[in-house]
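Okay, so here's the structure we're looking at.
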Amino acid sequence: MNVLQRWKQVVIGVVVALFLGVGYMFYKKEPEQRVIDEFVMAPEEVVPPVTAERLEIVVYVTGAVESPNVYQVPEGARVGDVLSLAVLTDEADPEQLNLAQRLVDGVKIIVPKKGETLITQDIPNSDMESNGVHVNSATKEELMSVPGIGPAKADAILNHLKQHGPFKTYEDLGDVKGFGEKTLESMKPYLLVP
């Protein structure tokens with residue numbers, strides 16, 4: 001019996017030691033780190049879309065307006081847009097003007113008075129005229145109306161404008177891929193560069 005009691009004591013001692021050992025391990029074990037402490041949504045950085053730089057043009061408005069002056073307007077603005085800035089007087093006769101006509105840099109707009117005959121104004125637009133297409137403000141379709149410019153060359157001009165800004169001289173068109181001296185010479189009567 002002595003041996004059996006001794007075995008019981010040993011088994012009980014081992015079981016107690018195991019419980020104590022396992023308990024000690026759990027007690028001493030560092031708490032698990034939470035994978036996600038908090039779900040915090042960081043605000044996204046707002047990046048403005050990359051677009052072609054908006055060019056501005058300058059026009060002179062005079063005649064029957066409250067504020068005759070030189071105005072800076074975005075490229076693609078219309079006669080009506082700049083007249084809203086100059087503010088028509090009560091005597092003005094805007095019906096004699098084409099308010100929907102697109103403006104081109106450097107034009108002078110004379111607003112006639114009622115009963116006055118409109119002084120012939122040569123307001124060029126960005127479409128092809130006898131004097132040509134304005135390269136810095138033309139659309140792809142307008143560029144393609146020039147003899148010798150197809151879709152690829154029109155895209156090359158527009159991409160160059162986006163990357164490098166407006167052309168300052170006609171010779172700057174030589175920097176566009178596909179425009180050599182002969183090409184430039186043949187297109188000179190059709191393209192306008194300020």
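All heavy atoms count here, side chains included; hydrogens, waters and symmetry mates do not. All of these numbers come straight from a predicted model, not from anything done at the bench.
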Whether over 12 other heavy atoms sit under 6.0 Å from D90 CG = no

For the hydrophobic clusters of this structure (ILVMFWY residues joined by side-chain heavy atoms under 4.5 Å, transitively), does one cluster hold both Y170 and V176?
-> yes

Linked, directly or transitively: L97 and L85 (ILVMFWY side chains, under 4.5 Å) = yes

ILVMFWY cluster membership beyond I12 - transitive side-chain contacts under 4.5 angstrom | V16, L20

Correct closest heavy-atom pair for V133 and E142 would be CG2-O, 3.8 Å

Hphob cluster co-occupancy, L88 + L99, side-chain heavy atoms under 4.5 angstrom = yes

Indicate yes or no for a side-chain donor-acceptor contact from D81 to the backbone of R78 under 3.5 Å, with no hydrogens or angles considered.
-> yes

Could you give the side-chain donor-acceptor pairs of residues 148-155 under 3.5 Å, partners two or more places apart or in another chain?
residue	atom	partner	partner atom	Å
D155	OD1	K140	NZ	3.2
D155	OD2	K140	NZ	3.3

Output all residues satisfying salt bridge (charged side-chain N to carboxylate O under 4.0 Å, His left out) with E171, sequence neighbours left out; order by chain, then residue number.
-> none

side-chain contact (heavy atoms from CB on, under 4.5 Å) between N98 and V79: does it pass, once the steps are laid out?
-> CA-CA 7 Å; N98 179 359; V79 172; 5.9 Å; no

Validation row: F167, I157 side chains within 4.5 angstrom (heavy atoms) | yes

How long is the gap from CD1 on I109 to CD on Q101, to the nearest 0.5 Å?
-> 8.5 Å

When rounded to the nearest 0.5 angstrom, what distance separates CG in L103 from OH in Y71?
-> 13.0 Å

Would you say M144 and L173 are hydrophobically clustered, going by side-chain heavy atoms of ILVMFWY under 4.5 Å?
-> no

Rounded to the nearest 0.5 Å, what separation is found between the CD atom of E116 and the CD atom of E91?
-> 9.0 Å

So, do V104 and I57 sit near enough that their side-chain heavy atoms are less than 4.5 Å apart?
-> no

Considering non-hydrogen atoms only, spot the tightest contact between E66 and T89 and give its length.
-> N-CG2, 3.7 Å

Identify the two heavy atoms, one from A64 and one from A92, that lie closest to each other, and give their separation to 0.1 Å.
-> O-CB, 3.4 Å

Under a single-linkage definition using a 4.5 Å side-chain heavy-atom cutoff for Ile, Leu, Val, Met, Phe, Trp and Tyr, are L143 and V193 assigned to the same hydrophobic cluster?
-> yes

How far does CG of L192 sit from CG of N136, to the nearest 0.5 angstrom?
-> 10.0 Å

Verify, without hydrogens or angle tests, whether D93 (side chain) and P112 (backbone) share a donor-acceptor contact under 3.5 angstrom.
-> no

